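Protein chains get the first letters and strands the later ones, always in sequence-line order, with residue 1 at the start of each. All values derive from a computational prediction rather than experimental measurement.
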Amino acid sequence: MEPKIKEKAWNPELEKKILKDWDEEKIYEFTPTENNFTIDTPPPYPSGRPWHIGAAAHYSQIDMIARTARMSGENVYFPIGIDRNGLPVELYTEKKHNIRMRETERGEFLNLCRVALDDLEAEMLLIMKNLGISGEFANYYRTDSEEYRSLTQSTFIDLWKKGQIYLANRPNNYDWVSGTTIADAEIIYQDLPTKLVYMKFKIKDTEKEIIIASTRPELLCACKTIIVNPDDQRYAPFIGKKIIVPITNAEVELRTHHSAQQEFGSGAVMVCSYGDQNDVALFRELELEEVVAIGLDGKMTEAAGEYAGLKPKQARTKIIEDLETNGFVEKIEDIVHRTPVSERSKIPIEIIPMEEYYLKQKDSVEKIKKLGQEITFYPSMHKQILMNWLESINIDWPISRRRYYGTEIPIWYCKSCSEPNIPEPGKYYKPWSDKCPISNCTKCGATEFVGEERTFDTWMDSSVSPLFVSKFNKDSEFFKKVYPTTIRPQAKDIVRTWLYYTLLRCDQLTGNKPWSQAWIMGYGLDEKGLKMSKSKGNAIDPLPVIEKLGADTFRFWSASEINHGYDFRCNEQKIESTKKFLSKLWNVSRFLSSFPVINSGKPNPTDKWILSELNNLVKECKKGYDEYNFFVPAIAVREFTWNVFAAHYIEMVKARAYGIGFSDDERDAAIFTLHKTLSTILKLLAPITPFITDHLWKTLYSQSSIHIEQQVEPEDEQSENKLTEEISEFNSKVWNEKKTKGLSLKDSFSYPVPKSLEPFKKDLESMHNLI
RNA sequence: GGGCUCAUAGUCCAGAUCGGUUAUGACGUCGCCCUUACACGGCGAAGAUCCGGGGUUCAAAUCCCCGUGGGCCCACCA
């Protein structure tokens, strides 16, 4: 009989047609019912070409989650979104047009960002679609849409009213030349020459002195404590004593702290607001009261007494003179100091307290820990990342940013009394350009306002994604059915941010956790195991790879190469060689397509053996699918299909399937078993390689898609692993013998079948033409 | 510096919770072979001091301790 399948290999071009069929059949459409499986899909950020190949693998696997759930009978809601807020697009736009954000008119700058995002987004959506992702592309969302931003603003207004938000001073990196705060990422370190001054501090009520070395003596006025290492015996007798600060004569306490190193300087450190990041940490940890010694103009403040108005460098020179005059200096060393400088202006940054909005989180830590415990993590080890993070939280969350491309903080300040006025929730507000929607100040009744210029930290937006997709505050019917959602799939590096902030915000707003499961994936590294980056030139562009090899090849590579939760290496050649397996699957199917489908039969021992192995395979795959670990089924199915089913079973029953030398019943049993096995393999692979399996399924078994089928359930029966090994060994022996004797494989040959393989004698004899 | 994690052939990976005969499979390499599904194939071969050191044990890739090296996250030196 002519095979139904003519082509000799799987052609990835077919994927385009299959995508169209899926669209027309609408098999992935979602209508909410009482029980839904909702995926809180991570909205990817279009930060520039090329899209990270690891991300493409990540989204392929998220799609496998959706398909796995569908095949186990779930009603799957798989939203698609694009994250568009934040710094990366600002930097991208500045570079692309060679402009500076702050020197460009705000509306114009935002437009340029928007256009850049649109281009990058289009390519990203194309890749996602071509990967076969079965999400809701028709109404994908953007985090910078009016609808999304108004949700972010509404949640802010809600929390503001609940008293969860406050304004506070916080030390910031400040570049006083550019007049702006800068992000940690914009700081570079330079080795600059400076003076290390060893100063004498008196210990109160004693004749003793303690020597303290510092590069920032001008900050003496902001010194609030002295620390030494707890193991440092030299200072042990004086712990808790008061120390008199030179020049200011202030009294501060001597205490121990592990961050002081015995070997550096004298081993004693003065802690000032703020000489460096360690000072910031210590002020916070020890709850010291800060002194603002340097102002926004980059000059010493009134707190510096007679040094007020001087720049830090001038003040330093002068205070060193004064210290020397008064005998407070032991010695001065010229050293080279690793100094944090602004990447832009190249001047040393100052750490200056500035007013920012904070969202309370410290009070929620215990509650979030509890919620974290209730959530199932896949793999479980990554729950630890969240728990460690929760342990280390010691300040509230600063949510305001002095940036442009973000959701605006919806506040107008009264011009006469400065009272912050908050608008009603439900609309999208742009205080930097919009007229204040409130007519009279709630405090003094005045009518003139100034709009807030700052935006939110982008995690304020992303952290409400489960609320957005479940139509929180918008469609209560829908929300009731969909929230809490089912699963949050995401990468490992943003557990401390996205996962944590989502838990915090959703709990604050709904009193309920956002999902019951979290699925955490590792990073995609290059073939040497290094992080991919555009600057290193080791980034692989996924688009040409997918176009050339097809989505299924890429997806099968992703499943068979990535052990869930661990980092993985990307190698183009490896992806390419994965195609061979699809080719094998194709040709097995091509062979079977020359036989009619038979739905029942009386399996002989050979058939029973392969069906039993097939059942073992189903069991193994189920284990993997139950934990959304696609590595397990991918490896298991490949191994079975290639090395057991094709290599041994098909060869053993070929003659029988053709009916040469066997009865009709025996023939039909073989054909039945062949189809039963292949159709099971196709189903087991359907979530991983949706294109080829659907194509083969429709060609061989059904009018309708494999993606509306239920997954195969294992039967509870004993395995017969031992036989597989014996069969494979026997076949090897015969092949080798024939080879040594210079015989062709079809030549007849005299060789005994061992007793243990007696039940398979007839099939083995026909396979090897044994006499 | 703190945390998490990994370490098995040229490359990737199994062997994890339950120590036990010649350490799994794939890719790559080499040799032979057109065998009525497949040369994008078949058969076969070579290739591993299981990171190092110590310990527990009759027995360790597997369990324990100490190192070394990679990756990532966080913090960065008065």
Side-chain angles (χ1 to χ4, degrees), chain A residues 3 5 7-10 184 187 189 196-197 212-216 219 226-227 258-261 263-272 275-282 335 337-338 340 381-382 384-385 387-389 391-392 491-497 522-523 525 527-531 557 560-563 565-571 573-595 631-632 634-636 638-639 642-643 646-647 650-651 654-655 657-658 660 674 731-732 734-736 738-740 742-747 767-769:
Chain A
I5 299 170
E7 304 79 11
K8 279 192 164 189
W10 162 241
D184 289 346
I187 292 172
Y189 287 86
L196 182 62
V197 185
I212 288 166
S214 172
T215 55
R216 301 295 302 269
L219 293 178
I226 310 283
I227 57 161
H258 60 86
S259 71
Q261 290 175 19
E263 308 79 42
F264 191 92
S266 62
V269 189
M270 66 175 198
V271 179
C272 313
D276 58 35
Q277 286 297 334
N278 197 41
D279 286 344
V280 177
L282 283 162
I335 59 160
H337 180 220
R338 193 150 176 268
M381 67 176 175
H382 286 336
Q384 202 53 40
I385 303 176
M387 293 304 164
N388 290 348
W389 178 238
E391 281 304 324
S392 70
K492 167 172 112 179
D493 52 342
I494 51 174
V495 168
R496 330 176 87 140
T497 46
Y523 319 96
L525 308 169
E527 53 196 305
K528 292 188 192 99
L530 301 172
K531 200 177 186 181
W557 164 79
S560 64
E561 196 79 6
I562 302 172
N563 200 351
Y566 295 96
D567 296 348
F568 55 95
R569 301 184 183 194
C570 305
N571 181 330
Q573 194 210 338
K574 245 353 198 332
I575 301 171
E576 191 162 0
S577 57
T578 309
K579 200 175 164 217
K580 289 189 174 184
F581 173 65
L582 299 190
S583 196
K584 192 72 194 176
L585 180 68
W586 179 267
N587 278 295
V588 166
S589 308
R590 190 162 93 101
F591 172 61
L592 291 215
S593 77
S594 55
F595 304 105
F631 184 77
V632 173
I635 296 282
R638 181 179 62 191
E639 169 67 14
W642 209 322
N643 296 338
I650 291 183
E651 295 301 331
K654 207 179 257 178
Y658 282 129
I660 304 166
L674 284 166
N731 288 335
S732 266
V734 178
W735 284 322
N736 266 330
K738 282 192 169 182
K739 196 172 177 179
T740 340
L743 294 171
S744 152
L745 290 183
K746 62 185 170 184
D747 288 341
M767 169 182 179
H768 296 292
N769 198 6

Student: Could you measure between the two C1' atoms, the one in B/C18 and the one in B/A61, and give it in whole Å?
Tutor: 16 Å
Student: If we take the P atom in both B/G41 and B/G53, what is their distance in whole Å?
Tutor: 41 Å
Student: Using whole Å, what does the distance between atom P of nucleotide B/C74 and atom CG of A/N278 come to?
Tutor: 18 Å
Student: Could you state the CE-P distance from A/M387 to B/C4, rounded to the nearest angstrom?
Tutor: 15 Å
Student: Roughly how many Å is it from CG in A/L582 to C1' in B/G41, rounded to a whole number?
Tutor: 15 Å
Student: Give the dot-bracket string for RNA chain B, reading 5' to 3', where a pair is Watson-Crick or G-U wobble with both distances under 3.5 Å, ( ) marks pairs inside the strand, [ ] marks pairs crossing earlier ones, | marks a partner on another strand, and . marks unpaired.
Tutor: (((((((..(((.......[....))).(((((.......))))).....(((((..]....))))))))))))....
Student: According to salt bridge (charged side-chain N to carboxylate O under 4.0 Å, His left out), who are the partners of A/D567, at least two apart in sequence or on a separate chain?
Tutor: A/K492
Student: Shorter than 3.5 Å, N or O on both sides, protein versus nucleotides 38-40 of chain B: list them out with atom names.
Tutor:
| from | atom 1 | to | atom 2 | distance (Å) |
| --- | --- | --- | --- | --- |
| B/C38 | OP1 | A/R590 | NH2 | 3.4 |
| B/C38 | O4' | A/N587 | OD1 | 3.0 |
| B/C38 | O2' | A/N587 | ND2 | 3.4 |
| B/C38 | O2 | A/K584 | NZ | 3.1 |
| B/C38 | N3 | A/K584 | NZ | 3.0 |
| B/C40 | O2' | A/S583 | OG | 3.1 |
| B/C40 | O2 | A/S583 | OG | 3.2 |

Student: Who passes salt bridge (charged side-chain N to carboxylate O under 4.0 Å, His left out) against A/K574, sequence neighbours left out?
Tutor: A/E561
Student: For A/K738 and B/G42, what is the distance between atoms NZ and P respectively, to the nearest whole Å?
Tutor: 18 Å
Student: Name every donor-acceptor pair, under 3.5 Å, that has one atom in a side chain of residues 579-588 of chain A and the other anywhere in the protein, sequence neighbours excluded.
Tutor:
| from | atom 1 | to | atom 2 | distance (Å) |
| --- | --- | --- | --- | --- |
| A/W586 | NE1 | A/E7 | O | 2.9 |
| A/N587 | ND2 | A/K8 | O | 3.2 |
| A/N587 | ND2 | A/S583 | O | 3.0 |

Student: What distance, rounded to whole Å, do you find between the two C1' atoms, one in B/G47 and one in B/C65?
Tutor: 33 Å
Student: Just how far, in rounded Å, is P of B/C12 from CG of A/D567?
Tutor: 13 Å
Student: Among B/U35, B/G3, B/A78, which nucleotide sits nearest the side chain of A/N388?
Tutor: B/G3
Student: Would you mind telling me which of B/U5, B/C43, B/A37 lies closest to the side-chain atoms of A/M381?
Tutor: B/U5
Student: Check whether any side-chain nitrogen or oxygen of A/W642 sits under 4.0 Å from OP1 or OP2 of B/G42, and answer yes or no.
Tutor: yes
Student: Restricting to side chain to side chain contact (heavy atoms under 4.5 Å, CB included), what partner residues turn up for A/F568, sequence neighbours left out?
Tutor: A/A57, A/M521, A/W557, A/I562, A/C570
Student: Kindly indicate whether the side chain of A/M767, heavy atoms from C-beta on, has any atom under 4.5 Å from the side chain of A/V734.
Tutor: no
Student: First locate atom CZ of A/R590, then atom CG of A/L592, and finally report the distance between them rounded to the nearest 0.5 Å.
Tutor: 12.0 Å
Student: Which part of the nucleic acid does A/F581 contact within heavy-atom distance under 4.0 Å: base, sugar-phosphate only, or nothing?
Tutor: nothing
Student: In whole Å, I'd like the distance from the CZ atom of A/F631 to the P atom of B/C12.
Tutor: 13 Å
Student: Rounded to the nearest Å, what distance is computed from the CD atom of residue A/Q384 to the P atom of nucleotide B/G3?
Tutor: 12 Å
Student: Among B/A78, B/G44, B/A26, which nucleotide has an atom closest to any side-chain atom of A/S214?
Tutor: B/A78
Student: Please report the distance separating the P of B/A45 from the corresponding atom of B/C4, rounded so that it comes out in whole Å.
Tutor: 45 Å
Student: Return the set of residues passing salt bridge (charged side-chain N to carboxylate O under 4.0 Å, His left out) with A/R216 (not counting sequence neighbours), or none when no residue passes.
Tutor: A/E218, A/E350
Student: Would you call A/I650 and A/F591 a side-chain contact if the rule is heavy atoms closer than 4.5 Å?
Tutor: yes
Student: Which sits closer to the 5' end of RNA chain B, A/I635 or A/I650, going by the nucleotide each is nearest to?
Tutor: A/I635
Student: Take atom P in B/A75 and the same atom in B/A9, then report the distance between them in whole Å.
Tutor: 36 Å
Student: Indicate, with a heavy-atom threshold strictly under 4.0 Å, whether A/D279 touches base, sugar-phosphate, or nothing.
Tutor: nothing
Student: When you get a sec, tell me which of B/C43, B/C27, B/G25 is the closest nucleotide to the side chain of A/A647?
Tutor: B/C43
Student: Taking atom P in both B/C12 and B/C58, what distance in whole Å separates the two?
Tutor: 37 Å
Student: So does A/N563 get a side-chain nitrogen or oxygen closer than 4.0 Å to the phosphate oxygens (OP1/OP2) of B/A14?
Tutor: yes
Student: Please enumerate all residues that pass side chain to side chain contact (heavy atoms under 4.5 Å, CB included) together with A/M387, with sequence neighbours excluded.
Tutor: A/K369, A/Q373, A/K383, A/Q384, A/L390
Student: Provide the distance between the two P atoms, one in B/U29 and one in B/C40, to the nearest whole Å.
Tutor: 13 Å
Student: Please report the shortest heavy-atom distance between A/L219 and A/G275, naming the atom on each side.
Tutor: CD1-CA, 3.6 Å
Student: For atom P, what is the distance between B/C66 and B/G2, given to the nearest Å?
Tutor: 14 Å
Student: Under the rule for salt bridge (charged side-chain N to carboxylate O under 4.0 Å, His left out), what residues qualify as partners of A/E639, not counting sequence neighbours?
Tutor: none
Student: For A/E561 and for A/R638, find the nucleotide of RNA chain B with the closest heavy atom, then tell me which residue's nucleotide is more 5'.
Tutor: A/E561
Student: When you measure from the side-chain N and O atoms of A/S560 to the phosphate of B/C13, is any distance below 4.0 Å, counting only OP1 and OP2?
Tutor: no
Student: For A/K492 and B/C73, give me the distance from atom NZ to atom C1', rounded to whole Å.
Tutor: 9 Å
